[in-house]
Engineer: 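Let me begin by handing over the structure; questions about it come next.
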2 protein chains.
Amino acid sequence: MTGVSTAGLTLDLGDDGPMTRRLTTALRDAVRDGRLPPGTALPPSRQFAAEIGCSRWVVTEAYGQLVAEGYLQATTGAATRVRDIRGATPLRPLGIPPAEPRPRFDLAPGIPDLSAFPRTRWAEAYRRAVLARPTGLLADRTPIGIADARAVITDYLVRTRQVREDPTQVMVSNGAGASVGWLARVLVRLGHRRIGVEDPSWPGLRDAARRAGLEVVPIPVDNHGLQVSRLDDHPGIRAVITTPAHQFPMGVALSPDRRLELIDWAERVGGLVIEDDYDAEYRYDRRPVGSLQGMAPDRVVLVGSVSKSLGPAVNLGWVIMPQWLIMRILAGDLETGVGPSVFGLEAFAIMINEGWYERHLRGMRTAYRKRREAVAAAIEEMLPDCRISGMAAGLHLLLELPAGTDADGVVDRAAAQQVGVVSIDRYRLRSGRNPALVIGYGNLRSGREREAVGLLARAIRRT
Amino acid sequence: MTGVSTAGLTLDLGDDGPMTRRLTTALRDAVRDGRLPPGTALPPSRQFAAEIGCSRWVVTEAYGQLVAEGYLQATTGAATRVRDIRGATPLRPLGIPPAEPRPRFDLAPGIPDLSAFPRTRWAEAYRRAVLARPTGLLADRTPIGIADARAVITDYLVRTRQVREDPTQVMVSNGAGASVGWLARVLVRLGHRRIGVEDPSWPGLRDAARRAGLEVVPIPVDNHGLQVSRLDDHPGIRAVITTPAHQFPMGVALSPDRRLELIDWAERVGGLVIEDDYDAEYRYDRRPVGSLQGMAPDRVVLVGSVSKSLGPAVNLGWVIMPQWLIMRILAGDLETGVGPSVFGLEAFAIMINEGWYERHLRGMRTAYRKRREAVAAAIEEMLPDCRISGMAAGLHLLLELPAGTDADGVVDRAAAQQVGVVSIDRYRLRSGRNPALVIGYGNLRSGREREAVGLLARAIRRT
C-alpha cells in the first residue's frame, strides 16, 4: 500500500519501515506543505484505521506523536484538528555549485603536493590513537587540547623552530585560519580595533581578522620584509600579522634588524606580533630561520599548522601564546578555541614520535627542491625577460612580468590551458605597479614542470 | 664532547645531532638566558673552532644562522657581537594540573558510555575515508564542509529528526559548543546584544554566547519547558537557546502549545530560535519528538552533534540554518565556522552509510534503557523520600532531594566515595529553592547501579 485518501486528501505512505512511522511522516508532510490546512478535522482513529487498513493503535500513535510535536490538536470529545503552523515556507534548493577540481597543472600557491599525502601512515597513526586512548580520557576536552599530545608538538617545535615555550602555552586549533580568527576575536575583547597586515599578504588570514571586527591596515613590504617603521604611522595599532621566515608572497625573510625593530615596537606599544609560520618546514639555502617567537615569547604569538607539511585535509594547527595570554584563557576570561578531535591530535603526536613526520618532511624537502629547480630552469629558458625572486624557501616563487603585462589576462589565458596560477594583485591591498605572478610548485606533478611553464609562457607572450 | 668554554662562558653542546646545530642552539640559548649579555664579543671563528675542536665551517655556519635570526651582529673587520634582545624573559612553567580522571561511579550528566565508543568501527571508517578521498579533493575546504558528507548527514537528520532542509543548509562544526559560539558571533554581527537562555541550562552553551559578547538573559523553565511568554518581558531579545525535545536539566519536553508560541514569538520579533538537540537520539516512552526546526525552518537553527551518540572525543557536530542565514555566510558577509577535518566528516558519513551508526544507537538505546531502569529502581528502594523526574528521554534524570537538604554537601560527600554527581544549582542562573541532583547514568558502568546509588544514598542521608 502506498496511497490512501482521507479528509479529501491522498497520502503517500511509502512502503518502507513500520506503519506508525510512515503514517506520522505522511501526515506531518501534508500539514507542513499545506495540503492539510489549519483547522482540518481528521477522521476518528477507528474510522481512519479502517480506511487505510491498519490497526487503530497505529493511528492513535501517529496522532499522539504529531500532537506532541504541535502539528495536531486533540480536544476531548471532539475531532483531532490540524493546528496553524507558521513559518511553513516551502524550501527552495539553494543550488550551490560543487567544489571545482584543481586544474591539471596546479601552480596556485598555498597547496602542498596532495598526491604525496601519507595516507597509509596517517590512517595507521589515527587507528592507533583511536584504539589506544584510555576510556576514562575519552571525554577530556580541555580548551587548549590534551596535554600529552601538546607536549609532543611542543618538543617538536622547540627542536625545529627554536620556539621557547612551556607545553602549557601551546593551544591546538583547526589550522592557521582558525587560529587567526580566534586570536582576532581575543584582540577585540582586549580592546583592539585595528590590526596591521602585510601588503601584499595571504587573504585568508586578514579576512579572518576582518570578520572578527578588526579594521585591517596594510603595512608595506620591501626586500627586507615588513616595513616595521611604518607601523608607527598608525598609532592605534598594537597588533600585526607577519610572515618573518618567508614573506608571503614576496618570499623574502624579515631582516635581522627588522626582527629586533619589530620586537622593540611590540614592547613599546604593549602589543602583540602574530607570527604566521606557514611554510617554515621548507628552506633550501640554509637551516630555517628560527622563529621570532623564540626571541620574544612575551610579545609574539606563533601560528603554525600541518597544512603545508601533511596537507590541508587534516585541519590541524597550533598557537603558541605568551603566558599572560594563556593565563587569561585558562581563567575563562576570553573565548577559548574549540580544537580538533583528540584522535587527530594524538595521531599527529604518533606521527612525530614514530619519526614518520620528519621522514615525510625530509622526503618532501628533496622533492620540492628538485621541482623548484626544474621550474626555475624552465622559466629561465622559456621566459628570459621575467625575473624570479623569493624562492629560497617555501613552496612558491614570484615571477615578475615585463612592465605593462596584463597579469589578469595571463591568468585567464593560462586557466584556459588548465594551468592554475595567481596574480600578485590577488594578495595586494593597495594596487601595485609591477605585474607579477605567484607560482606555487607544491602541487605541480613532478616531471610536468617544463610542460606547465611552456603553457604559461605562451599565455604570457600572447599579450 | 658536551661542554666547552668561550668568552668566559661554558656552553653545553650536548651529544646529539650535527655539530652546527648543537653549537647554534647552545649559543642561542646563552644569548636568550642572558649568559652572553648584549655587546659580548664572540671569538673569531678560527680561534673558536680550535677551542672547541671542530671545523671552522661549523662556527661560521652557526654565527651566520644567528645573525639571520637577529641574535648576533656581524660587522666586517670587527668581532661578531651579541645583540640586545628585548623580551628575553625567562619562562616559568605554568604548572597547569593535568585533566582529572573520571570518578569510579560517574553520575555526571552530559557524558555517554565512554566504554561503548565503537573504536574499531570508527577507526575503520576513518581509514576508508583517508584512503578513498580523491587526491584532487584533498585541499577542498569549503566554509560549511564538504558536500557529499553533508548530504549524508542531511539525509540522516531528515529521517530521524524530521528536520526540513536542503543539504546546502547544513554546516558542520566541531560540536555544539563550537556551533553556539559561532552562532553567537554571527548574532553579534547581525546587531544582537542579548540572548535568552533557559534557566536552568547547560553552562557550556550560555558561556559560549557570553564570550561572544552577548548578554545572557535567564528565562525560567516549568513543567512545560521554556516559559515562552516571559521572553516578552525583555523587548531587546530576538534570539533564544532552548532544548525543546528534552529540557536540560529538568528533562521535560516543550509542550505543543509552547512550541507554536515560540515560533510565533520568533516570527513576531524577526528573531532566531537556537534548538539545542543535544540528546534527541534517546527517548524511551515514544518516538523522539520531531525537531522544532522542521516546523519553522526560517526561524529555527538546529544544533546537533555526535557527542552523546558516538562520544565527545570525535568533535563533530552540525548546524542547520535558515536559507537567509546561509546565503549571507556563503556570500562572505559573516564569519564562517572552521569545521572539522574532511576525514572525520567522511568517516561519519561512512558510519551512517554502512548502517553502523544506527546499529550503534539501537544498541545504546537498549543499554541505556536498562541502566535507567536499574538506577530508578535503586533510587526508589534506597531513597524513598526523593522524587525522580525528567527521565522519559536522554541520559539523565532529576533527583529532587528532601526540602532543606544541603545539595553541595551531598555532592562533596559523594565525591569522597568516588561518586561523581552534580547539584542543579550548577545549572541555575538564579538561585532556586528546591535542592536537587542531576544524575547522569550514561557513563555509569552496567551492573554497578545499585552500588552507586547506595553510596549516593549514604551521602544524602548523612546530612
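Order of the sequence lines fixes the chain letters, A, B, ..., with proteins taken first and strands second; residue numbering starts at 1 for each chain.
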Engineer: Is there a donor-acceptor contact under 3.5 Å from the side chain of Arg28(A) to the main chain of Gly290(B)?
Structural biologist: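 No.
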Engineer: Which of the residues Gly64(B), Ala129(B), Pro134(B), Gly294(B) is involved in the greatest number of heavy-atom pairs with chain A at under 4.5 angstrom?
Structural biologist: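 Heavy-atom pairs under 4.5 Å are most numerous for Gly294(B).
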Engineer: Given that the side chain runs from C-beta out, which part of Pro112(A) has a heavy atom under 4.5 Å from chain B: side chain, backbone, both or neither?
Structural biologist: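 Neither part.
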Engineer: Please identify, among Arg133(A), Glu61(A), Arg210(A), the residue contributing the most non-hydrogen atom pairs under 4.5 Å to chain B.
Structural biologist: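 Among Arg133(A), Glu61(A), Arg210(A), the one with the most close pairs to chain B is Arg133(A).
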Engineer: Please report the interatomic distance CG(Leu260(B)) to CG(Asp84(A)), rounded to the nearest 0.5 Å.
Structural biologist: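 Between Leu260(B) CG and Asp84(A) CG, I get 8.0 Å after rounding to 0.5 Å.
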Engineer: Between Leu138(B) and Arg102(A), is any pair of side-chain heavy atoms under 4.5 Å apart?
Structural biologist: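 No; the side chains remain at least 4.5 Å from each other.
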Engineer: Tell me, for Asp257(B) versus chain A, whether the close heavy atoms (under 4.5 Å) come from the side chain, the backbone, both or neither.
Structural biologist: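 For Asp257(B), backbone and side chain are both near chain A.
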Engineer: So what's closer than 4.5 Å to chain B heavy atoms on Arg127(A): side chain, backbone, both or neither?
Structural biologist: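 Both parts, backbone and side chain.
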Engineer: Pairing donors with acceptors under 3.5 angstrom, does anything connect the side chains of Thr135(A) and Arg119(B)?
Structural biologist: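 Short answer, yes.
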Engineer: Is Glu124(A) in contact with chain B via its backbone, its side chain, both, or neither, using a 4.5 Å heavy-atom distance?
Structural biologist: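 Neither; nothing under 4.5 Å.
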Engineer: Give the minimum heavy-atom separation between Ser341(B) and Val314(A), together with the two atoms involved.
Structural biologist: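 Scanning both residues completely, I find the closest heavy atoms to be CB-O, 3.5 Å.
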Engineer: Crowded around Arg445(A) CZ? As in, over 12 foreign heavy atoms under 6.0 Å?
Structural biologist: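 At most 12 heavy atoms, drawn from other residues, nucleotides or ligands, come within 6.0 Å of this atom.
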Engineer: Is the distance between the ring centroids of Phe117(A) and Phe343(B) under 6.0 Å?
Structural biologist: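 Yes, the ring centres sit under 6.0 Å apart.
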Engineer: In terms of heavy-atom proximity below 4.5 Å to chain B, should Asp29(A) be classed as side chain, backbone, both, or neither?
Structural biologist: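 Interface part for Asp29(A): neither.
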Engineer: Mind checking whether Tyr126(A) and Trp122(B) have parallel, tilted or perpendicular rings, split at 30° and 60°?
Structural biologist: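 Answer is tilted, since the angle falls between 30° and 60°.
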Engineer: A side-chain contact here means heavy atoms from C-beta on lying under 4.5 Å apart; do Asn315(B) and Val342(A) qualify?
Structural biologist: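 They are not in side-chain contact.
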Engineer: Select one option (side chain, backbone, both, neither) describing which atoms of Pro244(B) are under 4.5 Å from chain A's heavy atoms.
Structural biologist: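 For Pro244(B), neither part sits under 4.5 Å from chain A.
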Engineer: Is chain A contacted by the side chain of Ala116(B), its backbone, both, or neither, given a heavy-atom distance below 4.5 Å?
Structural biologist: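 Neither part; nothing is under 4.5 Å.
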Engineer: Going from OG1 on Thr120(B) to CG on Leu131(A), what distance comes out if it is rounded to the nearest 0.5 angstrom?
Structural biologist: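 Interatomic distance, Thr120(B) OG1 to Leu131(A) CG, rounded to 0.5 Å: 6.0 Å.
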Engineer: Is the shortest heavy-atom distance from the side chain of Ser291(B) to the side chain of Glu69(A) under 4.5 Å?
Structural biologist: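 They are not in contact (no side-chain heavy atoms under 4.5 Å apart), so the answer is no.
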Engineer: What I'd like to find out is whether the side chain of Gln73(B) reaches to under 4.5 Å of the side chain of Pro256(A), using heavy atoms alone.
Structural biologist: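 Gln73(B) does not reach Pro256(A) side chain to side chain.
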Engineer: Where on Ile111(A) is there a heavy atom nearer than 4.5 Å to chain B: the side chain, the backbone, both, or neither?
Structural biologist: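 The side chain, not the backbone.
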Engineer: Given a strict heavy-atom distance threshold of 4.5 Å, which part of Arg128(A) is in contact with chain B: side chain, backbone, both, or neither?
Structural biologist: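 No part of it gets close to chain B.
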Engineer: Please state whether the side chain, the backbone, both or neither of Ala74(A) comes within less than 4.5 Å of a heavy atom of chain B.
Structural biologist: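 Contact with chain B: none, neither part.
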Engineer: By a 4.5 Å heavy-atom criterion (distance strictly below it), what part of Arg258(B) contacts chain A: side chain, backbone, both, or neither?
Structural biologist: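 For Arg258(B), no heavy atom lies under 4.5 Å from chain A.
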Engineer: With a 4.5 angstrom heavy-atom cut-off, which part of Ala68(B) approaches chain A: side chain, backbone, both or neither?
Structural biologist: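 Both parts, backbone and side chain.
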